Amino acid sequence: MKIAFVCPTPPPYGGITNWSKMLIAYLENASKDQIYVINTSPKSRTADGRTLFDRIFGGLAVAIRASREFKSLLKRDSPDIVHVTTSGGLGLFRDVLVLEIARRAKIPAVYHVHYGKIPQTLASGGFEASLLRASLRLCTTAIAIDRATESSIRDTGLCEVVYIGNPVDVYKLKDVCRKTRGESKNTVIFLGWVVETKGIRELMDAWDSVSTAFPDWQLTLVGPYDSNRIDALVNKSRHSGVSLVGELSHDEAMERLCKASILVLPSYSEGFPNVVLEAMVYGKAVLATSVGALPDLLGDGRGVLVEPRSSIQISDGLKKLMNDDVLRTSLGERAERFVKENFDIAVVANRYRLLWTRLVSERHLTDEK
């Protein structure tokens with residue numbers, strides 16, 4: 001099968017770029033598929049201090065480049081199917097362009113919605129909602145990564161929608177952990193973009209109380225950040241035991257996670273965060289906000305869920321975990337079993353393949369009529 005991916009690839013590293021890298025590497029090693037990649041990564045990131053001007057004109061440049069590359073690919077060697085990923089926002093304009101090209105070429109298009117807040121966006125009736133609806137109308141099938149998104153897209157009646165959670169490479173992650181020496185006991189780790197929408201302000205407020213009650217514990221923040229915006233929040237004279245590491249390679253970040261005791265992710269919104277899957281593979285206790293796919297992942301005794309923007313709930317949840325070794329272990333064990341059975345890369349890649357195969361077959365049947 002000839003599969004064209006329109007997606008961001010590293011660098012920079014992030015949720016969708018890690019997904020792209022992992023899935024494409026798996027397909028290239030485990031199948032005979034012919035893979036084409038049209039890279040939609042921006043040259044800079046919000047954490048690097050991107051202005052609104054940069055985002056608008058940079059996004060427009062990516063949209064034009066992606067559509068041109070896709071048209072060029074269709075002239076050279078038409079793919080059987082195109083798989084378009086989206087993180088919303090200004091990238092929706094690019095999605096509309098690419099999906100319209102696929103529609104005119106009569107190529108099945110999978111539209112992979114990789115971000116949260118879809119119910120709120122569709123209900124808003126604003127410009128972003130209009131672009132999202134246009135994209136859904138143009139695609140063949142949408143993939144939702146959480147149940148709320150699946151339900152809200154289905155309610156639009158604009159396209160078929162299926163739920164498929166993100167994959168994780170269990171074997172590779174375990175291999176990284178096997179090579180890691182030593183432990184960083186009594187460590188809470190945050191992994192992700194160190195920006196306010198990830199709940200960093202609330203986490204810092206919570207840590208004031210946590211560090212007083214548990215002075216032997218450390219909080220490590222790993223991820224890219226804009227020092228002009230974040231340094232004031234992570235003031236070491238005020239927040240005891242906080243280490244702001246900055247961006248690391250994926251393997252280096254996984255080594256830190258493997259050594260830690262607890263992962264914390266207090267985001268205002270999420271889709272299907274890979275870092276939570278990774279922590280679950282390692283059997284770590286996870287505290288996260290009840291947004292996106294996180295209730296699906298951490299419910300039924302697999303983690304601790306708190307409301308967004310609540311420093312009090314973050315503080316109480318962390319103290320509960322830090323004070324109870326048995327609880328951390330039991331949460332981690334249930335989480336590890338769950339992720340291995342449901343989200344290993346082999347399992348999820350097979351779900352994608354079944355979808356692609358069905359859509360290509362349906363297209364061929366339509367062409368024969």
Side-chain angles (χ1 to χ4, degrees), residues 5 7-30 35 37 39 41-48 85 87 114 165-195 198 200 218-225 230 242-265 267 270-286 288 297 303 332 335-336 338-340 342-349:
F5 287 97
C7 60
T9 61
Y13 283 89
I16 306 182
T17 57
N18 289 339
W19 173 89
S20 303
K21 180 181 178 181
M22 174 175 45
L23 178 62
I24 291 168
Y26 177 83
L27 293 174
E28 289 176 340
N29 290 328
I35 307 297
V37 180
N39 184 12
S41 286
K43 292 183 179 180
S44 60
R45 306 162 294 184
T46 303
D48 295 327
T85 68
S87 58
H114 270 275
N166 283 349
V168 63
D169 193 332
V170 172
Y171 178 82
K172 182 177 179 181
L173 286 175
K174 288 290 188 180
D175 190 52
V176 171
C177 200
R178 280 192 292 268
K179 296 175 181 177
T180 301
R181 297 182 178 180
E183 294 182 353
S184 300
K185 291 184 177 180
N186 294 355
T187 299
V188 178
I189 190 169
F190 168 91
L191 275 172
W193 289 30
V194 187
V195 293
K198 289 292 186 179
I200 295 299
Q218 302 291 313
L219 173 64
T220 301
L221 307 176
V222 178
Y225 67 96
I230 297 301
V242 178
S243 173
L244 181 57
V245 175
E247 187 170 13
L248 300 175
S249 71
H250 186 258
D251 282 356
E252 289 172 331
M254 290 303 98
E255 289 173 3
R256 294 264 187 164
L257 178 58
C258 186
K259 292 179 178 181
S261 304
I262 300 168
L263 172 75
V264 60
L265 188 67
S267 306
E270 284 288 349
F272 198 104
N274 291 342
V275 67
V276 170
L277 288 178
E278 291 161 342
M280 294 170 78
V281 169
Y282 290 145
K284 302 298 177 181
V286 179
L297 292 174
E336 185 176 356
F338 180 76
V339 75
K340 286 180 178 178
N342 294 280
F343 299 109
D344 182 60
I345 180 64
V347 175
V348 177

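Keep in mind that what you see is a predicted model, and the values were worked out from it rather than measured.
- Taking both residues in full, the closest heavy atoms of I16 and H114 are given as CD1-CB, 3.5 Å, listed atom of the first, atom of the second, then distance.
- Side chain of T187 to backbone of Q218: no donor-acceptor contact under 3.5 angstrom is found.
- Two residues are said to be in side-chain contact when any heavy atoms from C-beta on lie closer than 4.5 Å; V286 and L265 fail this criterion.
- Put simply, the side chain of D344 gets close to the backbone of V170: a donor and an acceptor are under 3.5 Å apart.
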- Can you list the steps and then say if D175 with K172 is a salt bridge (Lys or Arg N to Asp or Glu O under 4.0 Å)? CA-CA 5 Å; D175 190 52; K172 182 177 179 181; over 6 Å; no
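- Expressed to the nearest 0.5 Å, how far CE of M280 lies from CG of L297 amounts to 5.5 Å.
- Looking at heavy atoms from C-beta onward, L257 lies in side-chain contact with I189 at the 4.5 angstrom threshold.
- A donor-acceptor distance shorter than 3.5 angstrom exists from the side chain of K284 to the backbone of A260, with no hydrogens or angles considered.
- Looking at V347 and P167, their side chains never come closer than 4.5 Å, going by heavy atoms from C-beta outward.
- Residues passing the side chain to side chain donor-acceptor pair (under 3.5 Å) test with N39, sequence neighbours excluded: T9, S41.
- Taking a cutoff of 4.0 Å between a charged side-chain nitrogen and a carboxylate oxygen, K259 and E255 do not qualify as a salt bridge.
- With a 6.0 Å cutoff to the six-membered ring centre and a 45° limit on the axis angle, R256 does not count as a cation-pi contact of Y282.
- Counting only distance, with no hydrogens or angles, the side chain of N274 and the backbone of G15 share a donor-acceptor pair below 3.5 Å.
- The NZ atom of K340 lies 4.0 Å from the CD atom of E336; values are rounded to the nearest 0.5 Å.
- The two atoms that bring G246 and Y225 nearest to each other are CA-CE2, 3.7 Å, heavy atoms only.
- Note: N29 CG to I24 CD1 = 12.0 Å, rounded to the nearest 0.5 Å.
- Although no hydrogens or angles enter the test, the distance criterion places a donor-acceptor pair under 3.5 Å between the side chain of S20 and the main chain of P8.
- Note that CG of L221 is 7.5 Å distant from OG of S243, once rounded to the nearest 0.5 Å.
- Separating the OG atom in S267 from the CH2 atom in W193 is a distance of 12.5 Å, to the nearest 0.5 Å.
- Heavy-atom minimum distance, F190 versus V264: CD1-O, 3.4 Å.
- Residues H250 and V176 have side chains not in contact (no heavy-atom distance under 4.5 Å, counting atoms from C-beta outward).
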**Study point:** F272/L277 under side-chain contact (heavy atoms from CB on, under 4.5 Å): CA gap, chis, key distance, verdict
**Key:** CA-CA 9 Å; F272 198 104; L277 288 178; 3.4 Å; yes
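- The shortest heavy-atom contact between L263 and V276 is CD2-CA, 4.0 Å.
- Partners of E270 by salt bridge (charged side-chain N to carboxylate O under 4.0 Å, His left out), not counting sequence neighbours, listed by chain and number: K198.
- In this structure, V281 and F343 have side chains that are not in contact, with every pair of non-hydrogen atoms separated by 4.5 Å or more.
- Here F5 contributes atom CZ and L23 contributes atom CG; the two are 4.5 Å apart, rounded to the nearest 0.5 Å.
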